[in-house]
*Asks:* 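There's a structure below that I have some questions on.
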Amino acid sequence: MFRLKVAADKCTGCRSCETACSLAHEGACLPDLGRIWIDFADHDTKFSPKICRQCRRPRCAAACPVGALEALPEGGARFIVEKCVECGSCVSACPFHYLRLSHDGVPLICDLCYGRPDGPACARICQEGAIIAVESPEPAEQGKRTEAKGDANQ
Amino acid sequence: MRAWAGRILHVDLSRKRSWTIPTSDYTDRWLGGKAIDVALLTEAGAWSVDPYGPDNPLIMGTGPLTGTLAPAASRLHVAAISPATGLLGASNIGGHFPPELKYAGYDHLVIRGISDEPVVLVIEDDSVRFEPADDIWGLDVMATHDALKARFGERSRSMIIGPGGENLVRYAGIRSGTFNSASRTGMGAVMGSKRLKAIVARGSGSLGIAYPERFMDACVRMRRQLAESAPYKNMMDTPKMLKPSADDGYFSYGNKTGLSGPNDGVVDGSAEVLRQHRTGKAACFGCPLRCQDVIDLPETGPFGIQCDPRIELNYMAELSEPRFGWLSYIACQQMGLDTTSTGNVLGFVVESVAAGDMSLPEIAADIGLSPDASNAEVYLGLIEAIARRRGIGDTLAEGVARAADRLGPQYKPRAMHRDGLELASPEPRAYMGLALAFAASERGDYLAGFPIFEMLGPEFGGAMARDIFRDASVVEPVTDRWTFEHKELVQFYMENISTVSDILGICRWISPTNGAPVREDAMAELLTCAVGKEYSGADLMEYACRCRDAVHEADVKCGKDRPRANLPDRLYGSIETPHKTLAGIDPDELAGAIRRYWELRKWQ
């Protein structure tokens with residue numbers, strides 16, 4: 001089990017994490033399909049990676065009226081595409097302004113590259129160490145304590 | 001069709017129409033990027049057109065790897081008949097616009113005609129629109145960038161001209177944000193002649209990858225290889241990287257009358273300003289090398305600087321005021337001017353002032369500055385005056401060759417250009433491979449044939465040369481900077497590997513042109529994984545040769561003449577500075593090297 005750590009000061013805004021995520025999940029390249037994304041500010045000279053915090057009690061799942069996002073015991077939420085009615089309630093509910101919709105209207109939520117032997121693709125591609133995958137120290141049944149307070153990028 | 005977006009977008013600005021054709025009509029023969037650009041230009045057959053007329057097509061092309069996970073897959077090649085040289089213009093740009101154009105569904109743009117009024121071309125997937133640009137015409141680059149982001153969304157990406165392009169400065173470039181620019185050969189002026197202030201792209205289409213897992217593994221492997229390479233480490237401190245060659249006379253200054261040296265203080269001064277004001281590093285789309293610095297000066301706020309051009313500007317203009325390099329670079333960026341040509345033009349002014357043919361107080365008065373403005377203030381003011389064609393800026397906006405024609409016979413020997421394009425600051429008298437690159441490369445520039453082996457010297461350059469040429473007898477001459485022997489092999493290889501990058505849509509800085517490790521076989525592996533068809537490194541080099549031949553044929557149709565020593569006369573004379581004396585380039589030896597290079601290319 002992994003969790004992701006972000007060091008925004010190391011991010012160079014290359015967006016390879018976005019592209020790697022789309023390649024890992026869709027088999028194709030389109031940064032807009034990334035479950036991670038880079039926020040650009042100050043004339044595109046400041047970069048902040050936005051990642052899912054894998055909240056223990058995910059508000060996105062609580063806000064979903066049709067159960068398309070299912071809270072997981074270890075934190076975060078699983079997306080069930082068949083149930084989604086593309087209402088966007090999950091996006092408004094995310095306290096870290098992370099969650100966003102694809103061009104098809106469905107939420108793009110990080111699954112930490114579940115099942116990929118090399119771990120999360122975004123961390124694998126980032127040679128700057130702006131995104132690092134670390135083995136989760138907590139046993140899964142206790143849930144992950146990544147629902148940090150304050151700035152979502154710390 | 002995997003990796004490619006699949007369509008070429010044709011736009012007629014006169015009639016406000018657009019249509020598409022399939023990219024697959026061109027990919028077998030040309031593959032992509034620069035090669036398809038040149039094929040499209042050849043098809044248009046616009047050889048003797050007015051560069052500012054409706055029939056000069058402005059062509060932009062991404063490659064099959066642009067926008068994919070391949071390292072540094074951010075590039076787009078721009079081509080048109082150049083208003084500076086009358087030959088085939090060429091410039092290459094990275095950043096985030098090129099991938100976005102592909103996500104919108106287009107590999108190439110072919111823009112013809114002239115709009116009646118200033119216009120923004122908006123490309124959002126299948127919606128191609130022409131929107132008024134009266135409100136942003138005249139604005140500098142970053143103000144335009146901000147206005148476009150406000151209008152089209154934070155994740156839209158744009159190509160922009162500044163006042164330089166609007167006013168047809170012959171060395172105006174096209175910019176994308178604060179970091180990126182397609183600056184050389186006046187492509188921004190061609191865009192300005194069409195009254196096209198900006199192109200905005202936003203796309204939602206993904207690029208298919210034939211073998212996603214293998215592609216991912218290859219991309220990760222090459223990024224690790226790059227992260228262990230010397231160029232990656234050097235990018236953290238570019239002044240330090242340039243210091244040894246600057247000490248050794250790599251840069252010329254004062255319009256090729258002086259040489260950089262260990263005590264001139266330019267690199268150290270620039271490094272000090274960088275240390276004080278750098279707030280971070282930045283990269284183009286997908287690039288592990290992150291060659292860009294963010295500098296936050298009190299006068300300007302945060303701006304991006306790419307690959308240390310401020311040192312080059314400082315040297316060209318011979319102003320040992322470290323902030324000048326930074327401020328002048330930002331001024332060029334805001335006005336949408338090529339820093340290389342602008343630096344050369346300022347050097348031309350510096351020399352003319354020293355000779356008593358121009359005076360700084362008169363220039364100051366002419367462009368509306370106070371007569372007691374400092375030298376640096378006058379030169380900074382000149383940059384905007386050139387872009388807005390104010391006072392003498394109007395003459396200097398024509399470039400040094402035409403300006404010298406206009407100003408008088410004593411100015412002619414001071415015009416440091418090849419075929420009308422201003423020379424960059426590296427000193428050809430100190431490196432014979434560089435002299436050949438300046439003389440024999442397309443577009444009047446040295447970059448495509450950059451002689452990395454003699455730059456790196458016998459130890460590192462020799463190891464690379466052994467690996468590339470597999471012939472022990474050429475290693476010594478190609479790493480010896482004082483001889484023309486076998487330099488045609490260097491020119492041939494470097495142009496080819498650069499062209500492969502320009503065809504695939506990846507940055508040539510990850511390749512041997514920058515001393516970096518990604519060579520043609522590795523590029524072929526990336527392409528094979530992306531498109532699902534086997535390519536070898538040799539295949540890619542063949543595409544590169546075909547493209548270079550097509551550029552040459554186009555140049556011949558535009559009036560390029562036989563191989564000859566075509567550099568400014570000054571470079572055939574010696575140069576003496578307190579720390580170094582260099583003999584002039586032997587024009588016969590240079591002409592011989594150019595001939596050998598033509599023979600290698602099988603050109604008649």
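Proteins get letters first, then strands, A, B, ... in listed order; numbering begins at 1 in each.
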*Asks:* Which answer fits D125(B), side chain, backbone, both or neither, if we ask what part of it has an atom under 4.5 Å from a heavy atom of chain A?
*Replies:*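 The answer is neither part of D125(B).
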*Asks:* Is the terminal nitrogen or CZ of R290(B) (NZ for Lys, CZ for Arg) located under 6.0 angstrom from the six-membered ring centre of F47(A) and within 45° of that ring's axis?
*Replies:*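 No cation-pi geometry.
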*Asks:* Could you give me the CA-CA distance, side-chain angles and deciding distance for T12(A) and Q292(B), then say whether side chain to side chain contact (heavy atoms under 4.5 Å, CB included) is met?
*Replies:* CA-CA 9 Å; T12(A) 62; Q292(B) 303 155 341; over 6 Å; no
*Asks:* Under a 4.5 Å cutoff for heavy-atom pairs, which residue among K102(B), R157(B), R2(B) has the most contacts with chain A?
*Replies:*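 Of the candidates given, the most pairs with chain A belong to R157(B).
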*Asks:* Using 0.5 Å steps for rounding, measure from the CZ atom of F285(B) to the CD atom of E18(A).
*Replies:*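 Nearest 0.5 Å value for the CZ-CD distance: 8.0 Å.
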*Asks:* Nearest 0.5 angstrom please: T178(B) OG1 to D42(A) CG, how far?
*Replies:*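 Going from OG1 on T178(B) over to CG on D42(A), the span is 11.0 Å.
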*Asks:* Going by heavy atoms in the side chains, are M216(B) and R124(A) under 4.5 Å from each other?
*Replies:*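 Side chain of M216(B) against side chain of R124(A), heavy atoms only: contact under 4.5 Å found.
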*Asks:* For the interface with chain A, which of G208(B), G205(B), C219(B), G203(B) has the highest count of heavy-atom pairs at distances below 4.5 Å?
*Replies:*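 So the answer, after comparing G208(B), G205(B), C219(B), G203(B), is G205(B).
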*Asks:* At a heavy-atom distance under 4.5 Å, which candidate from C11(A), S22(A), A28(A) has the highest pair count against chain B?
*Replies:*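 If we count pairs closer than 4.5 Å to chain B, A28(A) comes out on top.
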*Asks:* Could you tell me if the side chain of D44(A) sits less than 4.5 Å from the side chain of H145(B), heavy atoms only?
*Replies:*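 With C-beta onward as the side chain, the pair touches.
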*Asks:* Do the charged groups of R100(A) and E154(B) touch, with an N to O distance under 4.0 Å?
*Replies:*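 Answer for the salt bridge query: no.
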*Asks:* Taking 4.0 angstrom as the limit, do K46(A) and D296(B) come out as a salt bridge?
*Replies:*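 No.
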*Asks:* Out of A24(A), C17(A), C126(A), G27(A), return the one with the most heavy atom pairs under 4.5 angstrom to chain B.
*Replies:*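 Of A24(A), C17(A), C126(A), G27(A), G27(A) has the most heavy-atom pairs under 4.5 Å with chain B.
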*Asks:* For L30(A) and S206(B), which heavy atoms make the closest approach, and how far apart are they?
*Replies:*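 What the structure gives for the nearest pair is CB-CB, 3.6 Å.
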*Asks:* Under a 4.5 Å heavy-atom cutoff, which of L69(B), D146(B), L226(B), T279(B) has the most pairs with chain A?
*Replies:*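 Highest number of pairs under 4.5 Å: L69(B).
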*Asks:* Considering only NZ, NE, NH1 and NH2 on the basic side and carboxylate oxygens on the acidic side, decide whether R202(B) and D32(A) come within less than 4.0 Å.
*Replies:*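 Salt bridge: yes.
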*Asks:* Give a yes or no on whether the backbone of Q127(A) and the side-chain of R223(B) come within a donor-acceptor separation of less than 3.5 Å.
*Replies:*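 Checking the backbone N and O of Q127(A) against the side chain of R223(B), no donor-acceptor pair under 3.5 Å is found.
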